[in-house]
Every structure is written in structure tokens, then in C-alpha cells.
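Report on one structure; see the data block that follows.
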Amino acid sequence: MQRYFSKEKKENTFVLNDSDVHHIINVMRMHDGDNIEVIYDKKIYLCKINVVNNSVNTTIIECKENNVENKPYITLIVSLLKEQKLDIIFQKATELGVDEIILTSYERTIIHLEDNKLQSKISRWEKILKEASEQSMRIDIPKISYVNKKDLKNLAGLKILCSTIEKDMNIKKFLKNNTSCDKLNIAIGPEGGFSEKEEKEFEDYGFTKISLGNQILRVETVPMFVLSSIRYEYMER
């Protein structure tokens with residue numbers, strides 16, 4: 001069943017945005033009486049649709065029960081990258097349960113955005129996160145923002161840095177040693193990784209360096225590996 005997010009509820013109906021209406025009518029080719037799921041305020045509503053003159057009205061049938069995952073709030077910190085790589089990271093990280101994505105720039109970051117272009121980029125990325133959330137049947141959409149690297153020292157919760165230098169502490173050991181936490185922040189370097197100076201800076205910010213194994217992974221592969229490891233570790237808790 002198709003799932004959509006709404007930001008506005010009026011009595012027994014929800015207001016859908018124009019792109020969702022287009023998707024329902026022209027892509028899914030739904031008809032009067034078809035059912036969809038609408039997410040509002042992190043609750044799942046089963047709704048019947050009524051298509052009238054290229055508009056869609058929804059009627060709430062019931063509020064459905066949702067099973068909440070037992071996992072920490074996960075923030076993924078990634079470098080600005082080429083659009084294709086970022087799109088993959090946003091899609092897969094959303095599917096794997098990330099709650100927030102923070103973009104920043106490092107010494108080896110090669111993509112830079114002017115301030116006047118940043119908001120339009122964030123709007124595009126928010127659309128990608130929304131569509132990935134709908135596809136993966138989530139009840140929320142990850143937050144996204146851009147911050148200065150120095151601001152990362154103010155993050156609350158456990159903080160890990162995916163290092164190409166660290167050999168002793170791997171992600172398996174780290175997760176076994178930290179069996180319960182409310183918030184987990186994961187910093188991933190740009191193509192070429194963090195510089196030694198940056199790894200030291202992050203340690204000063206309270207980050208623990210972890211190894212992901214002997215192989216050097218592509219930057220777009222790292223989030224999938226780390227988030228899959230976290231999901232596996234917390235799945236039965």
C-alpha cells in the first residue's frame with residue numbers, strides 16, 4: 001500500500017502536497033475508493049481517497065498501530081560530495097533507519113556550496129528523504145542540515161569516527177561495549193578520508209575512533225555498512 005506524509009489535518013481528512021497528488025493520479029493511477037496510508041504526527045492512518053478534477057481528498061478509516069524500533073537516535077555526519085553519491089547515501093541511510101543527517105566540510109572535501117545555493121540544495125535533499133521514507137514505510141522523515149565542522153563538538157550522545165588509521169577498536173567491539181545509548185553520532189570522512197589532524201580534532205570533540213576492517217570502503221558504502229551493523233546489533237534488544 002502506498003504511503004504519504006501530510007503536515008496538515010482538517011477534521012477527518014488530510015491535506016496532501018501537489019507532488020503526492022500527482023503521484024497518486026498520474027503515476028499510481030489510483031481511483032475513487034482506493035486506500036492509502038497517510039503519516040501525520042508519526043501516526044499511521046488508513047484512508048480512502050476521492051479523486052475529483054485532478055485533486056485528491058482523503059477520508060480517515062482508522063488509525064493503525066505502529067511497532068516502534070528499539071534503537072538509539074542515530075545522526076549521520078557526512079561530507080559534501082557529488083550529488084550522485086549523496087543521493088545514494090540519503091536513500092540508503094533513510095531505509096536503514098537514520099534519524100538525522102548533518103552535512104559538513106573537511107580538509108579533503110572537494111565539493112563546496114555557496115550560501116545562496118545551500119537552501120535550494122537542502123530542499124531537494126528533503127524531497128529525496130521524504131520519498132525514501134515513504135518507500136521504506138517509515139513513520140518519520142530524517143532531518144537534514146549543514147553545519148560548520150567545529151560545531152560538532154557540541155553534539156550530545158555517543159560519538160564515533162570512522163577511521164582509516166585506527167586498528168584496535170572496531171565497530172563490533174564498540175557496539176558490544178556500548179549496549180545501551182539514547183543517541184549515537186557517526187562521523188564519516190570525505191573521499192580520501194580524514195586527515196590525521198582532523199582525527200585528532202575529533203578526539204578532542206569527544207569522538208571515539210573505530211575501524212571498519214582492513215578494506216578501504218567507498219564513502220557511499222560506509223553508511224550502509226555502519227547502519228546495517230547497528231540495526232543487527234539492536235534488532236533483538
Side-chain angles (χ1 to χ4, degrees), residues 68-81 85-86 88-111 125 129 138 140 142-237:
V68 179
E69 285 188 310
N70 180 26
K71 70 171 187 62
Y73 184 96
I74 300 172
T75 299
L76 187 67
I77 306 159
V78 295
S79 169
L80 286 173
L81 301 164
K85 291 182 183 292
L86 277 182
I88 292 171
I89 289 174
F90 294 154
Q91 290 166 355
K92 301 308 176 185
T94 299
E95 293 174 26
L96 290 167
V98 75
D99 296 287
E100 184 174 354
I101 296 173
I102 295 177
L103 293 160
T104 191
S105 297
Y106 301 117
E107 288 181 21
R108 293 172 180 162
T109 296
I110 59 174
I111 302 296
W125 294 330
L129 296 173
R138 287 181 56 148
D140 57 358
K143 301 175 185 176
I144 187 166
S145 61
Y146 178 87
V147 304
N148 188 289
K149 181 178 67 174
K150 292 182 179 179
D151 294 331
L152 299 175
K153 63 184 176 183
N154 299 320
L155 290 174
L158 283 177
K159 296 180 276 192
I160 60 176
L161 177 140
C162 299
S163 169
T164 57
I165 300 172
E166 176 64 29
K167 300 300 180 186
D168 296 327
M169 178 59 73
N170 60 41
I171 188 168
K172 182 177 180 180
K173 288 181 182 177
F174 179 86
L175 292 174
K176 291 291 185 185
N177 292 341
N178 295 276
T179 56
S180 179
C181 68
D182 294 329
K183 193 172 189 299
L184 181 58
N185 306 281
I186 307 156
I188 294 168
E191 292 173 300
F194 295 105
S195 68
E196 289 189 31
K197 176 186 174 184
E198 282 178 318
E199 291 209 4
K200 178 64 173 61
E201 285 176 346
F202 272 87
E203 284 187 288
D204 293 340
Y205 296 165
F207 282 76
T208 299
K209 297 195 298 184
I210 63 164
S211 166
L212 302 181
N214 296 327
Q215 286 74 35
I216 298 297
L217 304 177
R218 290 180 182 271
V219 66
E220 65 268 31
T221 306
V222 174
M224 289 181 258
F225 178 86
V226 175
L227 293 170
S228 295
S229 299
I230 294 169
R231 283 183 68 89
Y232 176 81
E233 186 64 31
Y234 279 86
M235 190 172 290
E236 299 300 328
R237 291 184 182 178

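Just so we're clear, the structure is a prediction, and the values are computed from it rather than from any experiment. By convention here, the first residue in the shown sequence is residue 1.
Taken to the nearest 0.5 Å, the CD1 atom of I89 stands 9.0 Å off from the OG atom of S79. A distance of 6.5 Å separates SG of C162 from CD1 of I171, quoted to the nearest 0.5 Å. The distance from atom CG of L81 to atom CD1 of I110, rounded to the nearest 0.5 Å, is 8.0 Å. Taking CG of N148 as the reference point, atom NZ of K153 lies at 9.5 Å (rounded to 0.5 Å). The line from CE of M169 to CG of L161 is 13.5 Å long, rounded to the nearest 0.5 Å. For the atom pair CG of L86 and CG of L80, the computed distance is 6.5 Å after rounding to the nearest 0.5 Å.
With contacts defined as side-chain heavy-atom distances shorter than 4.5 Å, the pair I210/E166 does not qualify. Counting heavy atoms from C-beta on, the side chains of K183 and L158 never come closer than 4.5 Å. The closest side-chain heavy-atom distance from I186 to I230 is below 4.5 Å. Considering only heavy atoms from C-beta on, Y205 stays 4.5 Å or farther from N154 through its side chain. Looking only at side-chain heavy atoms (C-beta outward), T164 and F194 stay at 4.5 Å or farther from each other.
Side-chain atoms of K172 and S229 include no donor-acceptor pair closer than 3.5 Å. Judged by distance alone, the side chains of Y106 and S195 never bring a donor and an acceptor atom under 3.5 Å apart.
No option in I101, L155, L103 other than L155 meets the side-chain contact (heavy atoms from CB on, under 4.5 Å) test with I77. No option in V78, L152, L76 other than L152 meets the side-chain contact (heavy atoms from CB on, under 4.5 Å) test with I102.
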Side-chain donor-acceptor distances from residues 213-228 under 3.5 Å, at least two apart:
| residue | atom | partner | partner atom | Å |
| --- | --- | --- | --- | --- |
| E220 | OE1 | K85 | NZ | 3.3 |
| E220 | OE2 | K85 | NZ | 3.2 |
| S228 | OG | M224 | O | 2.6 |

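The minimum heavy-atom distance linking I144 with W125 is given by the pair CD1-CB, 3.7 Å. Residue C181 comes nearest to P72 through the heavy atom pair O-CB, 3.3 Å, listed as atom of the first residue, atom of the second, then distance. Among all heavy-atom pairs drawn from E100 and Y73, the shortest one is OE1-OH, 2.9 Å. When all heavy atoms of A156 and N185 are compared, the pair lying nearest together is O-ND2, 2.8 Å. Closest of all the heavy-atom pairs between I74 and G97 is CD1-O, 4.4 Å.
S211 is linked by a side-chain hydrogen bond (donor to acceptor under 3.5 Å, both in side chains) to nothing, counting only residues two or more places apart in sequence or in another chain. In this view, E107 satisfies the salt bridge (Lys or Arg N to Asp or Glu O under 4.0 Å) rule with no residue, not counting sequence neighbours. Checked against salt bridge (Lys or Arg N to Asp or Glu O under 4.0 Å), K71 has the following partners two or more places apart in sequence or in another chain: D99. Taking K149 as the reference, E198, E201 meet the salt bridge (Lys or Arg N to Asp or Glu O under 4.0 Å) condition, with sequence neighbours excluded. With sequence neighbours left out, F207 forms a ring pair (Phe, Tyr, Trp, His ring centres under 6.0 Å) with F202.
Counting heavy atoms of neighbouring residues, nucleotides and ligands inside a 6.0 Å radius, atom CG of D182 does not exceed 12 of them.
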Apply side-chain contact (heavy atoms from CB on, under 4.5 Å) to residues T208 and K159 and explain how you reach the verdict.
CA-CA 6 Å; T208 299; K159 296 180 276 192; over 6 Å; no
Do T104 and T109 pass the side-chain contact (heavy atoms from CB on, under 4.5 Å) test, and can you show the C-alpha distance, the side-chain angles, and the key distance before you say yes or no?
CA-CA 9 Å; T104 191; T109 296; over 6 Å; no
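Using a cutoff of 4.0 Å between basic side-chain nitrogens and carboxylate oxygens, E191 and R108 are not scored as salt-bridged. Ionic pairing of E203 and K200 is not present here: no N-O contact between side-chain nitrogen and carboxylate oxygen is shorter than 4.0 angstrom.
R138 places a side-chain N or O within donor-acceptor distance of the main-chain N or O of T94, the cut-off being under 3.5 Å. Looking at N177, its side chain does come within 3.5 Å of a backbone N or O of K173 through a donor-acceptor pair.
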